[in-house]
Amino acid sequence: MTNAIVTPWEVKGNIDYDKLIKEFGISLLKELPDIFNKNVLFRRKVIFAHRDIQRILEAIKNKKKFVMMTGLMPTGKFHIGHMMLAQQMIFYQKLGAKIYIAVADIEAYNARNQSLEDSRQIAIEQYILNYIALGLKPENCEIYFQSARSKDAEKSNTYYCLQNLLARYATFNEFKAVYGEISPGKMLSALLQASDMLHPQLKEFEGACPVIVPVGIDQDPHIRLARDISQRFKDEKLLQLSSTYHFFMPGLSGGKMSSSDPNSFIALTDTAEEVKKKINKYAFSGGQTTIEEHRKLGGNPDIDVSFQYLRMFFEQDDAALEKIEKDYRSGKLLTGELKAILIEKLNMFLEKHQEEREKAKSKIDKFIFK
Ligand code: TRP
């Protein structure tokens, strides 16, 4: 555990979530209204922590305007781990939020040495098409590239202007404390991300209003910085940001899903054959090594990757999931049988999803370069 690295630029090793919650000073999610609990991610505490979510709950209760703002790093293939954030975008859109999504192509340029052209292509083919296929709608939704905020010059100017104005309210020591190591490119990316999160409240956009930023926990340093400097910025009133944090879906063999290792994840474009092969061959099992032992001792669903995928998304029915868990723990359900359940669920989902993804190709222009 001690060798885990969790920074906005790099996530490595086994993440000790409890330690991070304490270190970062975020709160565990407790009681949520029923509309939230209809969603498996909230109901099963896959989204587990927050900062200031009450401001969002109040906006929903009082039918007041609010924004969901988040971003994507356009690298690698879109996999089932990325789907968690996509599901949250769609969830908040259905609740009436205005959706802002930043494609972090400037950050990819500065922190990952990736060209703007590559970022653009990956963002569209891998991310945005899949968001649309999963159900994101063009109404009340702005997807923009950090390198090209808007065709509307006033909007564009004010977004880049905010990035620059915010610089006055951050110190070098603060950057070092929040990020550890820092380069000029990373410093600019952090300020640009602060502008991503804060600019929806400028008068050229929505005006001051509650903004929820759902992210993986690695992004919290960015959120802390943006929250701190937004309160020192006095040119326009900005309400304090709210945020939520989700667990990462484990990679197939445990650890992290890594875009550089296709055997560590299921991509949303994988074929049924690939899914079957990957799950059977690589999905880490919490079962025993022989059938006899498994029947006697039972399996451990808590560390079993196939079970975790079912829990985190692919078995939405609580009663069905509970039965799988009970049978696996007792040894009645074998690892092979558990994997077969997941493969069937996953492939059913992907078959429909891939049809939707084809249809999404003609809709892409409604979403970008507005
Ligand atoms: N840095 C984020 C990542 O690596 C991407 C990002 C850019 C983002 N702007 C954002 C995330 C604003 C949340 C809010 O994934």
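These numbers come from a predicted model, not from an experiment. In each ligand, atom 1 is the first atom listed, and ligand 1 is the first ligand listed. If you read the sequence from its start, that first residue is 1, and numbering goes on from there.
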Can you tell whether the side chains of Glu292 and Lys296 come within less than 4.0 Å, N to carboxylate O? no
Under-4.0 Å salt bridge between Glu10 and Lys12: yes
Gap separating the NZ atom of Lys361 from the CD atom of Glu356, nearest 0.5 angstrom: 13.0 Å
Please tabulate protein-ligand N/O pairs under 3.5 Å for ligand 1, atom names and distances to 0.1 Å.
{"residue": "ligand 1", "atom": "1 (N)", "partner": "Glu107", "partner atom": "OE1", "Å": "2.7"}
{"residue": "ligand 1", "atom": "1 (N)", "partner": "Glu107", "partner atom": "OE2", "Å": "3.3"}
{"residue": "ligand 1", "atom": "1 (N)", "partner": "Gln193", "partner atom": "OE1", "Å": "2.8"}
{"residue": "ligand 1", "atom": "1 (N)", "partner": "Gln219", "partner atom": "OE1", "Å": "2.9"}
{"residue": "ligand 1", "atom": "4 (O)", "partner": "Gln219", "partner atom": "NE2", "Å": "3.4"}
{"residue": "ligand 1", "atom": "9 (N)", "partner": "Asp196", "partner atom": "OD2", "Å": "2.8"}

Rounded to the nearest 0.5 Å, the CD1 atom of Ile223 sits from the CD atom of Gln193 at a distance of 7.5 Å
Around atom NZ of Lys281, are there more than 12 heavy atoms from other residues, nucleotides or ligands closer than 6.0 Å? no
By ring pair (Phe, Tyr, Trp, His ring centres under 6.0 Å), Phe145 pairs with (sequence neighbours left out) Phe369
